[in-house]
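The structure appears below as structure tokens.
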Amino acid sequence: MQSESFLIEEFKFPVPPTTMSRQEKGKFSPQEIEVMRKKSLSKQESQVYVNYMADNFVINFTVIQNSARTCIKKFSIYNAGQRNIPSFFWAIYFYDNGKVGHNSFPYPRGLPVDNSELLIFHEAGNLYRLSPTEKFSPYINSRDTIEVPYESYGPHVSRHYSFPNWFVSCDICSPRILKSTAGEDLSFVETFSKPQQLKRNSRDLYRAFTAKDRFSRNSAAAKAPKPSVHSVIPTPLRVDAGGEESLVVTPSDWVVSAKDFVEEASLLAGKLHLKTAKSATSKVITFSQGKVKLPKNSSLSISEAYHIYINPSKNTIEVTANEASGAFYAAQTLLSLTEKDRSDTSKEAGYKFPGMNITDAPRFEYRGLMLDVSRNFVQKATVLKLLDLMATYKVNKFHFHLTDDDAWRLEIPEFPELTKYASNRCLDPSHEVCLPPSLGSGPFVNTSGSGFYTVNDYKEILRYAKSRHIEVIPEIDVPGHARSAIQAMELRYRRTKNSMYRLIDPDDRSRYLSAQSYTDDAVNPCVDGTYQFFKVILRNLQELHKDIQPLTFYMLGGDEVAGGAWEKSPACADLKQKHELRDYHDLKKFFFKRMMEELRQEDLTFGLWGDAVLDKSLNPNPLEEGMKGKVYTYSWSNVWEWKRGSLAYKLANAGYKVSTCNLNLANAA
């Protein structure tokens with residue numbers, strides 16, 4: 001996410017003049033130039049030149065200077081091949097997470113570059129197109145360099161803010177990735193070394209590490225006390241070590257016996273390659289249900305508490321837990337304690353456990369991790385690996401960000417357009433095949449920009465998560481960040497002429513720019529199609545979860561709705577008059593109130609990003625008494641520099657449950 005402070009404002013920052021090393025146009029007569037311009041290339045000829053440009057044009061990108069609100073950047077295009085490229089209407093597509101040409105936005109006729117010989121067009125989001133005008137030189141000669149300076153909104157202080165897989169095409173050509181930008185090593189981006197590149201503005205106190213700084217820090221780390229070999233992450237509530245004694249668990253003679261918690265015991269047995277048995281008195285790991293003693297008057301989670309007693313003298317390991325989740329976390333703790341026994345190579349290899357007592361219970365009921373698969377899709381197998389990793393560290397909430405502007409990732413059988421169309425990204429002038437490229441995904445569909453989870457995929461993820469005591473919290477982000485859904489439903493409307501599920505007011509003439517530079521990503525809260533669509537999605541999610549992990553928690557999203565959305569919507573004008581609403585903030589409140597009422601009827605707890613419930617003054621909207629304890633807010637923007645360090649406290653004091661977010665990690669208070 002980006003700060004709301006990075007919305008379009010008026011700033012004046014001069015773009016520096018540029019020079020070009022192409023051969024002088026003066027070598028051609030005006031008559032020769034006119035003939036060259038009128039000569040058009042065939043589709044085959046154009047494709048040959050596009051292919052050549054992809055193979056031989058070398059891109060070099062750099063940041064010239066960051067300032068308080070504007071960043072000046074430049075990229076050069078060098079013709080490293082032997083051919084001269086004649087004049088035709090090629091286009092180079094590139095990505096920028098800033099708002100390119102923010103002082104001039106919108107610019108439907110293009111943003112002039114280099115005395116108007118080149119124009120930059122905003123395609124969608126972070127995708128831009130560089131195209132020549134009729135004034136452009138009739139040739140790009142071999143060894144020529146074209147320099148393209150431009151400005152964007154917001155700082156660009158790391159080469160890793162840049163994206164790979166720029167590409168070239170033309171109106172009648174197939175696109176090709178510029179080889180010099182291919183892959184994720186970002187070799188075409190210059191190293192950032194100057195203060196004006198590394199600092200966000202003149203007041204920025206950041207100082208780049210030198211080799212000496214790094215050596216000093218690494219030396220200090222090397223001298224720090226080393227953690228115990230048997231340390232557990234997260235640190236248990238209480239650990240009583242049993243001295244130097246230990247025991248060795250070997251697959252041939254140890255067993256796991258489970259009076260209770262059979263599934264959790266079986267999981268541990270599988271990991272340690274042990275057999276299960278109904279009972280045993282020695283060389284056994286037992287699982288049983290019992291009350292785990294915790295400190296009096298503590299707010300620790302009793303249901304997830306466990307106790308482990310590793311007894312070397314009796315060759316036993318005893319696991320006691322209040323509920324199955326505690327038994328599972330005990331198994332994870334034992335797995336983190338395992339140490340391969342190499343004391344006697346002539347004997348069977350086993351696992352060495354130190355003698356100790358462990359009592360543990362989590363401080364936080366909500367221990368979450370969010371995975372955003374909209375911006376970059378990850379395969380189901382990778383999701384399952386992530387769930388295993390979450391289980392290792394006893395993280396129990398999987399916030400599954402399934403949709404955003406860039407793509408829709410979950411199959412909804414009633415709306416095939418969501419996955420056949422909106423799950424794919426590619427260069428598609430027809431707007432019938434896919435959404436536009438984004439974040440370096442390139443012009444083709446065979447990248448991480450494209451993909452979705454089938455109904456069966458999602459159910460498998462649910463089963464896998466359930467077996468690891470992880471709750472899956474699906475997020476369908478609305479009303480902003482919803483371009484993928486909007487475009488899919490517009491495609492459906494064009495094909496069926498049925499407006500029942502349209503998410504926009506077709507007569508809306510509002511002009512806005514979202515934090516991620518989209519101009520059309522907010523569903524309209526004033527049309528009934530928005531709520532009908534939501535009901536179908538919710539019904540499908542409930543059906544998917546029903547027999548595996550019933551849906552109890554739903555994430556609505558609600559963040560970063562751009563100012564200016566719905567201002568010129570006739571449907572919203574009518575709604576505002578009918579319900580005495582004043583502005584964009586009132587419309588948001590109306591939308592969330594109606595959505596929350598739908599969810600309350602389904603007896604669901606639900607979540608919202610923190611800024612969804614803030615008013616103009618960044619104060620939380622009042623929460624109805626009956627909703628307290630049912631609404632989680634994910635407070636992601638409590639940044640002191642933005643004067644928002646107290647937001648999480650304000651939300652909690654207003655009656656919201658609060659999950660404080662740090663990058664992709666979340667803990668709830």
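The structure presented is a predicted model; accordingly, all values stated were derived computationally and were not measured.
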_Are the side chains of Leu198 and Val157 in contact, using a 4.5 Å heavy-atom criterion?_
no
*Is the NZ or CZ atom of Arg483 positioned over Tyr518's six-membered ring, under 6.0 angstrom from the centre and within 45° of the axis?*
no
*Geometric cation-pi criterion, Arg409 with Tyr453: 6.0 Å, 45°*: no
*Show your reasoning for whether side chain to side chain contact (heavy atoms under 4.5 Å, CB included) applies to Tyr128 and Leu111.*
CA-CA 11 Å; Tyr128 295 85; Leu111 183 70; over 6 Å; no
*asked:* To the nearest 0.5 Å, what is the distance between CD1 on Ile140 and CG on Asn56?
replied: 12.0 Å
*Between Glu417 and Arg494, is the closest basic N to carboxylate O distance under 4.0 Å?*
no
*CD of Gln532: more than 12 outside heavy atoms within 6.0 angstrom?*
yes
*Would you tell me whether Asn126 and Ser438 have side-chain atoms, one donor and one acceptor, within less than 3.5 Å of each other?*
yes
*Mind checking what makes disulfide bond (SG atoms under 2.5 Å apart) contact with Cys434, not counting sequence neighbours?*
Cys426
*asked:* Are Tyr95 and Pro437 packed together at the side-chain level, in the sense that at least one heavy-atom pair is separated by less than 4.5 angstrom?
replied: yes
*Assess the side chains of Tyr153 and Asp96: does a donor N or O sit below 3.5 Å from an acceptor N or O?*
no
_We want to know whether Ser430 and Asp428 form a side-chain donor-acceptor pair, criterion being a heavy-atom distance below 3.5 angstrom._
yes
*Around atom CD of Glu432, are there more than 12 heavy atoms of other residues, nucleotides or ligands at under 6.0 Å?*
yes
*State which residues pass side chain to side chain contact (heavy atoms under 4.5 Å, CB included) with Asp204; sequence neighbours excluded, sorted by chain then number.*
Lys199, Arg200, Asn201, Tyr206
*Within 45 degrees of the axis of the six-membered ring of Tyr501 and under 6.0 Å from its centre: does Arg492 put its NZ or CZ there?*
no
Return a table of donor-acceptor pairs under 3.5 angstrom between the side chains of residues 561-572 and protein atoms on other chains or two or more places apart.
from   : atom 1 : to     : atom 2 : distance (Å)
Trp566 : NE1    : Val523 : O      : 3.1
Ser569 : OG     : Asp505 : OD2    : 2.7
Ser569 : OG     : Asn524 : ND2    : 3.3
Ser569 : OG     : Ala571 : N      : 3.4
Ser569 : OG     : Cys572 : N      : 3.2

_Just checking Phe94 against Phe188, ring centres under 6.0 Å apart?_
no
*Is it the case that His399 and Glu475 place a side-chain donor and acceptor less than 3.5 Å from each other?*
yes
*In terms of the angle between their ring planes, are Tyr150 and Phe61 parallel, tilted or perpendicular, with boundaries placed at 30° and 60°?*
tilted
*List the steps, then state whether salt bridge (charged side-chain N to carboxylate O under 4.0 Å, His left out) holds for Glu190 with Arg159.*
CA-CA 7 Å; Glu190 284 191 3; Arg159 63 194 302 269; over 6 Å; no
*With distance as the sole criterion, is a donor-acceptor pair present between the side chains of Asp404 and His481 under 3.5 Å?*
yes
*Say whether Glu151 and Asn103, considering side chains only, have a donor N or O and an acceptor N or O under 3.5 Å apart.*
yes
